[in-house]
Amino acid sequence: MGRLFVVNLEGRIYSCKHCRTHLALYEDIVSKSFQSRHGKAYLFNKVVNVSVGVKETRMMMTGMHTVADIFCVGCGSIVGWTYETAFEKNQKYKEGKSVLERFKVSGPGGTSYWVSHTHSHETGHGGGSDADEA
């Protein structure tokens, strides 16, 4: 295994809640309207310091997508997923973008998101789901 180079971001940062590795900037948020199996999730234009897992086709709330889980390079924790392909024309904007689950990351200033058991959203898959955005 080679040497690990980690990108350090400046500004309002989202980081891995386990090891504090920087993952994304607040300015790169595309949408805060996504849902994962643990609650809220945010769609980002760009994430850093992640490795990409195996691609798989999943039925999400907004249709069929090819996605891959993404993992923190610092500690290996799953932090979200990335969209490879959207099969619906109106979902193509997601391609190449990534979702970070708020339950798995700390926000700017170290803020954490806690899951409320009354708002649990299981998808039946190992990954998450996305929210319908009208």
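Bear in mind the structure is a predicted one, so any value in this text is a computation, not a measurement.
Scanning all heavy atoms of the two residues, the minimum distance from L25 to E10 falls at CD2-O, 3.3 Å. Contact between H18 and C75 at its shortest, heavy atoms only, is CB-SG, 3.9 Å. The shortest heavy-atom contact between S36 and A41 is CB-CB, 4.1 Å. Of all heavy-atom pairs spanning A68 and V52, the tightest one is CB-CG1, 3.5 Å. The shortest non-hydrogen separation linking R20 to S15 is O-CB, 3.7 Å.
Rounding to the nearest 0.5 Å gives a distance of 4.5 Å between CG of D69 and CZ of R58. Separating the CD1 atom in I78 from the OG atom in S51 is a distance of 10.0 Å, to the nearest 0.5 Å. Summarising the geometry, atom OG1 belonging to T21 is positioned 11.5 Å from atom CD1 belonging to I13; distances are rounded to the nearest 0.5 Å. Taken to the nearest 0.5 Å, the NZ atom of K94 stands 7.5 Å off from the CG atom of L43. Remark: F87 CZ to M60 CE distance equals 11.5 Å, nearest 0.5 Å.
Taking 4.5 Å as the limit, every side-chain heavy atom of V48 sits out of range of all side-chain heavy atoms of L23. Using a 4.5 Å heavy-atom threshold, the side chains of T57 and M64 count as touching. Counting only heavy atoms from C-beta outward, the side chains of K32 and K40 never approach each other to under 4.5 Å. Side chains of V105 and K17 form no contact here, defined as non-hydrogen atoms less than 4.5 Å apart.
Residues forming a side-chain hydrogen bond (donor to acceptor under 3.5 Å, both in side chains) with K46 (at least two apart in sequence, or on another chain): none. With sequence neighbours excluded, the residues satisfying salt bridge (Lys or Arg N to Asp or Glu O under 4.0 Å) with K55 are E84.
Counting only distance, with no hydrogens or angles, the side chain of N49 and the backbone of H22 share a donor-acceptor pair below 3.5 Å.
K104 forms no cation-pi arrangement with Y14, by the criterion of a distance under 6.0 Å to the ring centre and an angle within 45° of the ring axis.
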Report task. Give the C-alpha distance, both sets of side-chain angles, the deciding distance and a yes or no for side chain to side chain contact (heavy atoms under 4.5 Å, CB included) between Y42 and L100. Result -> CA-CA 6 Å; Y42 296 170; L100 293 179; 5.5 Å; no
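Note on ring orientation: taking the six-membered ring where Trp is involved, the planes of Y83 and W81 are perpendicular (angle over 60°, cut-offs 30° and 60°).
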